[in-house]
Amino acid sequence: MRVRKLALVAFVALVVSSGSAFALDVNKKIAAPGQMLVIWSMISEFCSIKDWHPAIADCKESKEGADTFRVLTLKDNGGTIKEKLTGSDDTSYSYEIIDPSPLPVKNYSAKLWVEPDERDPNRTVIHWDATFDANGKSDDEAKKVIGDIFLAGLKSIKQKAMPPDEDNPGNEDRD
């Protein structure tokens, strides 16, 4: 019995001392007009992010051995973020940020993917999820930074997917 109590006390002490030991998650999605493969063709290339994300000025893709990397140049301060492609299939890709980064994160991995909208076959749901630890900012601040980045990108993809006659700046996003 004493050994069990000691083990329990040690476990509780470990959990308390580790503080924010669990990774943070940000999960965003938006529905966009267009069939899934059409939407995916707009965003599927690893460096196509420069064509649809409003914060990205440029993207350079490179190979190092069998690994694919991209270096994103940011519009606001010219900072760069190096990312490694960690997986891809017909409707998704995943990647990780190679530290250091100007973003307040470390141990960052993310996935961008599409799926058909169950309510309307002429719409696509675009997902962008990430797991990371805060770095230099509070957990809430880091989550807000990444969430804002994701929402800006998703809204831009949706805007680019809209047919010209639906391109109405007064039409607020309801997704």
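FYI, the numbering just counts along the sequence from 1.
The NZ atom of K28 lies 11.5 Å from the CD1 atom of I146; values are rounded to the nearest 0.5 Å. Atom CD1 of I157 is separated from atom CG of L112 by 6.0 Å, given to the nearest 0.5 angstrom. E45 contributes atom CD, which lies 9.5 Å from atom NZ of K50 (distance to the nearest 0.5 angstrom). The line from OG of S101 to CD1 of I81 is 4.5 Å long, rounded to the nearest 0.5 Å.
Taking both residues in full, the closest heavy atoms of M36 and P116 are given as SD-CD, 3.3 Å, listed atom of the first, atom of the second, then distance. P33 approaches P163 most closely through the heavy-atom pair CG-CD, 4.3 Å. Contact record, D89 with W40: O-NE1, 4.3 Å, taken as the closest heavy-atom pair. Across every non-hydrogen atom of F46 and E61, the tightest pair is CB-OE1, 3.7 Å. Considering every non-hydrogen atom in both K143 and V26, the closest pair reads O-CG2, 3.8 Å. Contact between I126 and A32 at its shortest, heavy atoms only, is CD1-CB, 3.9 Å.
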### Task
For the pair E83 and F69, evaluate side chain to side chain contact (heavy atoms under 4.5 Å, CB included) and give the outcome as yes or no after the intermediate values.
CA-CA 6 Å; E83 299 175 335; F69 294 88; over 6 Å; no

### Query
Do K144 and D148 pass the salt bridge (charged side-chain N to carboxylate O under 4.0 Å, His left out) test, and can you show the C-alpha distance, the side-chain angles, and the key distance before you say yes or no?
CA-CA 6 Å; K144 181 173 180 0; D148 289 351; 2.7 Å; yes

### Task
May I have the step-by-step check of side chain to side chain contact (heavy atoms under 4.5 Å, CB included) for W52 and I43, ending in yes or no?
CA-CA 8 Å; W52 54 263; I43 63 175; 3.6 Å; yes

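Residue pairs meeting the disulfide (SG to SG under 2.5 Å) criterion with at least one partner in residues 69-134, sequence neighbours excluded, are absent. Sorted by first then second residue, the disulfide (SG to SG under 2.5 Å) pairs that include residues 44-131, not counting sequence neighbours, are C47-C59. Applying the ring-ring contact (aromatic ring centres under 6.0 Å, His included) test to residues at least two apart or on different chains, the pairs with a partner in residues 142-164 are W128-F150. Contacts classified as disulfide (SG to SG under 2.5 Å) and involving residues 63-138 (residues at least two apart or in different chains) are not found.
Evaluation of the salt bridge (charged side-chain N to carboxylate O under 4.0 Å, His left out) rule for E96 yields no partner, not counting sequence neighbours. Residues forming a salt bridge (charged side-chain N to carboxylate O under 4.0 Å, His left out) with K160 (at least two apart in sequence, or on another chain): none. With sequence neighbours excluded, the residues satisfying side chain to side chain donor-acceptor pair (under 3.5 Å) with N107 are D133. In this structure, the side chain to side chain donor-acceptor pair (under 3.5 Å) partners of T131, at least two apart in sequence or on a different chain, are D25. The salt bridge (charged side-chain N to carboxylate O under 4.0 Å, His left out) test applied to E118 returns no partner, not counting sequence neighbours. The side chain to side chain donor-acceptor pair (under 3.5 Å) search around D90 returns none, not counting sequence neighbours. Not counting sequence neighbours, the partners of T86 by the side chain to side chain donor-acceptor pair (under 3.5 Å) test are S94.
Two residues are said to be in side-chain contact when any heavy atoms from C-beta on lie closer than 4.5 Å; N122 and Q35 meet this criterion. Side-chain contact between E115 and T124 is absent, with no heavy atoms from C-beta onward closer than 4.5 Å. With a 4.5 Å cut-off on side-chain heavy atoms, Y95 and K111 do not count as touching. I49 has its side chain within reach of R70: a pair of non-hydrogen atoms, C-beta onward, lies under 4.5 Å apart.
Neither Y108 nor L151 shares a network with the other; the hydrophobic side chains, linked directly or stepwise wherever heavy atoms of I, L, V, M, F, W or Y lie under 4.5 Å apart, form separate groups for each. Under the 4.5 Å side-chain contact rule for hydrophobic residues, M42 and I30 share a cluster. Note on L37 and V114: same hydrophobic cluster, where clusters join Ile, Leu, Val, Met, Phe, Trp and Tyr whose side-chain heavy atoms are under 4.5 Å apart, directly or indirectly. Follow the hydrophobic side-chain contacts under 4.5 Å out from W113 and you never reach F132; the two are in separate clusters. Linking Ile, Leu, Val, Met, Phe, Trp and Tyr whenever their side-chain heavy atoms come within less than 4.5 Å puts V145 and V105 in one cluster.
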Which donor-acceptor pairs under 3.5 Å do side chains of residues 71-79 form with protein atoms, sequence neighbours excluded?
residue: K75; atom: NZ; partner: P54; partner atom: O; Å: 3.3
residue: N77; atom: OD1; partner: G79; partner atom: N; Å: 2.7

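Defined by atom type and a distance below 3.5 Å, a donor-acceptor pair is present between the side-chain atoms of S138 and E141.
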